[in-house]
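Before any comments, here is the structure.
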Amino acid sequence: MAGNDFDVCVVGAGFAGVYGAYRFREAGLRTVVIEAGDDVGGTWYWNAYPGARCDVESLEYSYSFSEELQQEWEWTERFAAQPEIQRYIAHVADRFDLRDDMRFSTRVTSARFDETDAVWRVGTDRGTDVTARFLVMATGPLSTANMPDIPGRDDFEGLLLHTGRWPRAGVDLTGLRVGVVGTGSSAVQLIPVV
């Protein structure tokens, strides 16, 4: 196989994508994981808003494919906050040397099945297209931030933020009036902190 030819192409390096990378490698399949962010984590990479945390017990949210991994990681909270979950999944990627199979800061722009060659042809925004026998979409249900189409939104002169795309450097909201649209789990976590 050439440098951009794989058995499996996984799109997304969240919990499913990291697990897929591990399992496919264990099965002897040459695998590449393409991730839009600059690190693993998926939802836990993008949803770095103040107050973000897991709504199930941390122990239930961890991988069970390795007894050693389960024994070496100790959660500090019963319901882990985003930074700890991000550290955990990064630890897993490092612990099993999965980063070598990952291409970060890269977005998939196209995916087409070539029936003649029986491969997926996957295009990226970096021009590093790949082919793979199998394409696994590990993008999850929260991979796209839904910015509500509110009349006048584009004329608003203040900050427009989304919990699903919180700035990596954080945001200082001190002294600002903050309005939150929505009352889902992200808002329930964000509002008390803000």
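Not measured: the values here are computed from a predicted model. Below, each value reflects all heavy atoms present in this structure, side chains not excepted, and no hydrogens, waters or symmetry copies. Here, residue 1 is the first one in the sequence, and each next residue gets the next number.
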> Of the options Thr31, Asp101, Asp100, Asp97, which is the one that meets Arg25 in a side chain to side chain donor-acceptor pair (under 3.5 Å)?
Replying inline: Asp101
Minimum side-chain heavy-atom gap [X]-[Y] below 4.5 Å:
| X | Y | answer |
| --- | --- | --- |
| Tyr45 | Ile89 | no |
| Ile34 | Cys9 | yes |
| Val194 | Tyr49 | no |
| Phe65 | Tyr22 | yes |
| Thr128 | Arg103 | yes |
| Arg133 | Val8 | no |
| Val40 | Glu35 | no |
| Thr131 | Trp120 | no |

> At what distance, to the nearest 0.5 angstrom, does CZ of Arg95 lie from CD of Glu72?
Replying inline: 4.0 Å
>> To the closest 0.5 Å, what do you measure between OG1 (Thr43) and CD (Gln86)?
In response: 10.5 Å
Do any N or O atoms from the side chain of [X] and from the backbone of [Y] form a donor-acceptor pair under 3.5 angstrom?
| X | Y | answer |
| --- | --- | --- |
| Asp129 | Thr124 | yes |
| Asp125 | Arg107 | yes |
| Glu57 | Arg78 | no |
| His91 | Trp73 | no |
| Thr174 | Asp172 | no |
| Arg126 | Ser105 | yes |
| Thr183 | Val188 | no |
| Asp7 | Arg30 | yes |
| Ser110 | Val122 | no |

>> Working note: Asp114 + Arg121, criterion salt bridge (Lys or Arg N to Asp or Glu O under 4.0 Å); need CA distance, chi angles, decisive distance, verdict.
In response: CA-CA 7 Å; Asp114 181 333; Arg121 299 196 181 281; 2.8 Å; yes
> Do Tyr63 and Phe15 have ring centres separated by under 6.0 Å?
Replying inline: yes
>> Are Tyr88 and Trp75 an aromatic pair, judged by ring center distance below 6.0 Å?
In response: yes
>> Using the rule given for salt bridge (Lys or Arg N to Asp or Glu O under 4.0 Å), can you reason through Asp39 versus Arg99, listing the C-alpha separation, both sets of side-chain angles and the distance that settles it, and then say yes or no?
In response: CA-CA 9 Å; Asp39 201 358; Arg99 291 180 189 272; 2.7 Å; yes
> Going by atom types alone, do Thr76 and Glu84 pair a side-chain donor with an acceptor below 3.5 Å?
Replying inline: yes
> Is it true that atom CD of Glu115 has more than 12 heavy atoms of other residues, nucleotides or ligands lying nearer than 6.0 Å?
Replying inline: no
> Within a radius of less than 6.0 Å around CZ of Arg168, do more than 12 heavy atoms belonging to other residues, nucleotides or ligands occur?
Replying inline: yes
> Any chain of hydrophobic side-chain contacts (each under 4.5 Å) joining Leu135 to Leu29?
Replying inline: no
>> Can you give me the closest heavy-atom contact between Ala187 and Val180, atom names plus distance?
In response: CB-CG1, 3.9 Å
>> For a quick test of reading the model, state the closest non-hydrogen atom pair linking Phe79 to Cys54 and the distance between them.
In response: CB-O, 3.6 Å
> So Met147 and Arg153, side-chain contact (heavy atoms from CB on, under 4.5 Å) or not? Walk me through it.
Replying inline: CA-CA 10 Å; Met147 186 63 85; Arg153 178 191 73 191; 3.2 Å; yes
